[in-house]
Undergrad: 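Sharing a structure here in structure tokens format.
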Amino acid sequence: MNKFPKNFLWGGATAAHQIEGAYLEDEKGLAVTDVITLKEGSKRRITENVEPGHIYPSHQAIDFYHTYPSDLKLFKEMGFKCLRVSISWARIYPQGDEKYPNEKGILFYKNLFQEMRKNEIEPVVTLNHNDMPLGLVKKMGGWRNRQCIELFVEFAKTCFNAYKELVVYWETFNEINNILIFDYEILPFMSAGIKFKEGENKEKVTYQALHYQFVASALSVIEGHKINPKYKIGNMAAFNHLYSKTCDPKDQLLTYNLNREHFVCFDVQARGQYPSYLLKEWERKGIQLDINQNDLEALKHGCVDFLGFSYYTTDVVDSNKNSIKQEQTNIVEKNANPYLEYTEWGWAIDPLGLRLALNMLYDRYQMPLMIVENGLGAIDRVIENKINDDYRIDYLKKHLIEVQKAIELDGVNCIGYLAWGPIDLVSASTGEMTKRYGFIYVDKENDGSGSGQRIKKKSFYWYKRVIETNGDSLFGNIDEIEPNSANTKV
Ligand code: BG6
């Protein structure tokens, strides 16, 4: 019995600033992520410029800019049908507002996509994965400024024209809803180049920036379809949904309302208009935004073709604590879920939550869904050049079984599963290398030291088997899967 659809897109997902390195090569400009340090104490810091005395993980990352031909061979060996990469906006428009694009940047991605095609790997390309040009932040305050819409659409058109023959699947903005977690300062900065000013209404600022991004995304979808009607252009939002702590209706209502924050971007990008609950919320909070009729027309006509989402974890809502916290900071205070285990970074491991997520999204939108990120960040230990990452296999296996159930038992139209970080890469939240997600180990430490050598982990062979059996092997015993082949240096 075929457990997954025949053309299911098995693959992995990455982002330019987390893999490429070569941060100034071939005339690339600085991106916002180039001034975000490795975590110092408990969090990453944003510096004004590149300053001595800090470690900036994006500068070297895993050097994919130079190693991609051999890295792609490894993905091919695993049988990848697709790979999600992002285009660094600052490679194409180094400051963001040049009249003409940087040909060297265009060429790099052309070569990359060609190489992917040679390896029979379908590119899934994100236009903006947390790394807008720093120039736009300095000149105009990032996405606070309406001008970013035009500049982004120009960038999108340049890419849509340049890679017409090579790319079919696009995504506009990565985790576009993350900007709403505005109290965690690197998120609005990564997402939109926003640094808050003393005393300003953070919620208003982030909603305004989000509105401009929605319009930019919608206009890009419209332009993309004009350039190539075969393009399939999706959105991408994080969907780490919430459970109620109890069956107290107060908890339930609060959970329902807070989950809207997970739906809101899909509502706009799939349905083409703002949902009534958000308009009411703005009214209640006195949030008035710069939104004009043309914007609303763009949203209406620029709906996406498929829904991309990331899923890592779930959280719990407790009305005794969360309502107050939510009003003040927009952050849902974490409540432990006694039914789940947690990763070393405190993220709940919830495979069933993925089946729920797929159903919640499919019931609501009835559109093709692509899981464009899911995975386990863990510390791997290399023992005699081997990495036996059974914990990762266990995590992925359990999640994939739930994906299969959502497809087979619930009828969800899920078109792909892209494991996050198929090769170890820089962590977005901490800047660490040691928070590893990969099937392929990269010999690099948090401070950038290490040979950069790639080593296949046990999960490499496991995922290869999953792909070659189109998911059937998920229902066997992991120990039967080539245990002896684990871990080869490349
Ligand atoms: C998503 C991002 O939020 O989660 C990725 O789109 C990120 O860029 C991933 O890397 C995992 O998060 P982290 O913090 O473990 O790297």
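Nothing here was measured: the structure is a model prediction, and the numbers come from that model. Along the sequence shown, residues carry numbers from 1. Every number for a ligand or one of its atoms is a count from 1 in the order of the listing. Below, each value reflects all heavy atoms present in this structure, side chains not excepted, and no hydrogens, waters or symmetry copies.
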Undergrad: Relative to the heavy atoms of K435, which atoms of ligand 1 are at a distance of less than 4.0 Å?
TA: 13 (P), 14 (O), 15 (O)
Undergrad: Report yes if A428 has an N/O atom closer than 3.5 Å to an N/O atom of ligand 1; otherwise report no.
TA: yes
Undergrad: Output the list of atoms in ligand 1 that are nearer than 4.0 Å to some heavy atom of H129, sorted by atom number.
TA: 2 (C), 5 (C), 6 (O), 8 (O)
Undergrad: Please identify which atoms of ligand 1 are closer than 4.0 Å to at least one heavy atom of Y437.
TA: 11 (C), 12 (O), 13 (P), 15 (O)
Undergrad: Checking contacts here: is it the side chain or the backbone of A15 that comes within 4.0 Å of ligand 1, counting heavy atoms only? Could be both or neither.
TA: neither
Undergrad: Only one of W345, Y342, W420, W347 clears ring-ring contact (aromatic ring centres under 6.0 Å, His included) with Y312; which?
TA: W347
Undergrad: Would E20 and K28 pass as an ion pair if we require N to O under 4.0 Å?
TA: no
Undergrad: Less than 6.0 angstrom from the centroid, inside 45 degrees of the normal: does K232 satisfy that with respect to the ring of F306?
TA: no
Undergrad: Please determine if E373 has a nitrogen or oxygen closer than 3.5 Å to a nitrogen or oxygen of ligand 1.
TA: yes
Undergrad: For the 3.5 Å polar cut-off, considering only N or O atoms, please tell me whether T430 and ligand 1 meet it.
TA: no
Undergrad: Checking a contact table here: which protein heavy atom is nearest atom 14 (O) of ligand 1, and how many Å away?
TA: S429 OG, 2.5 Å
Undergrad: Shortest non-hydrogen contact from T255 to S244?
TA: OG1-OG, 2.6 Å
Undergrad: Any carboxylate oxygen within less than 4.0 angstrom of a Lys/Arg side-chain nitrogen, looking at K195 and E48?
TA: yes
Undergrad: May I ask you to identify, for N174, whether its side chain, its backbone, both or neither come under 4.0 Å of ligand 1 on a heavy-atom basis?
TA: side chain
Undergrad: Heavy-atom distances under 4.0 Å are what count here, so tell me which part of Y311 touches ligand 1: side chain, backbone, both or neither.
TA: neither
Undergrad: Salt bridge or not for E171 and R84, using N-O below 4.0 Å?
TA: yes
Undergrad: Is there any N or O on N178 that sits under 3.5 Å from an N or O of ligand 1?
TA: no
Undergrad: Looking only at distances, can you tell me whether any N or O atom of N130, backbone or side chain, sits closer than 3.5 Å to an N or O atom of ligand 1?
TA: no
Undergrad: Are F108 and Y68 near enough that their ring centres are under 6.0 Å apart?
TA: yes
Undergrad: Within ligand 1, which atoms have a heavy atom of S427 less than 4.0 Å away?
TA: 13 (P), 14 (O), 15 (O), 16 (O)
Undergrad: Just to confirm my output: which protein heavy-atom neighbour is closest to atom 9 (C) of ligand 1, and how far is it?
TA: Y312 OH, 3.3 Å
Undergrad: Tell me whether D380 is salt-bridged to R392, with the criterion being a basic N under 4.0 Å from an acidic carboxylate O.
TA: yes
Undergrad: Only heavy atoms of W347, strictly under 4.0 Å: list the atoms of ligand 1 that pass.
TA: 12 (O), 15 (O)
Undergrad: Salt bridge check: are E122 and R117 linked by an N-O gap of less than 4.0 Å?
TA: yes
Undergrad: Within the 4.0 Å heavy-atom shell around Q18, which atoms of ligand 1 are there?
TA: 5 (C), 7 (C), 8 (O), 10 (O)
Undergrad: Just need the protein heavy atom nearest to atom 3 (O) of ligand 1, so name the residue and atom and give the distance.
TA: E175 OE1, 2.5 Å
Undergrad: Counting only nitrogen or oxygen atoms and a 3.5 angstrom limit, does W420 reach ligand 1?
TA: yes
Undergrad: Do D424 and K444 meet the salt-bridge criterion of a basic N to acidic O distance under 4.0 Å?
TA: no
Undergrad: Salt bridge between D26 and R91, side-chain N to carboxylate O under 4.0 Å?
TA: no
Undergrad: Mark yes when over 12 heavy atoms from residues, nucleotides or ligands other than K76 sit less than 6.0 Å from its NZ; otherwise mark no.
TA: yes
Undergrad: Any heavy atom of W345 closer to ligand 1 than 4.0 angstrom?
TA: no
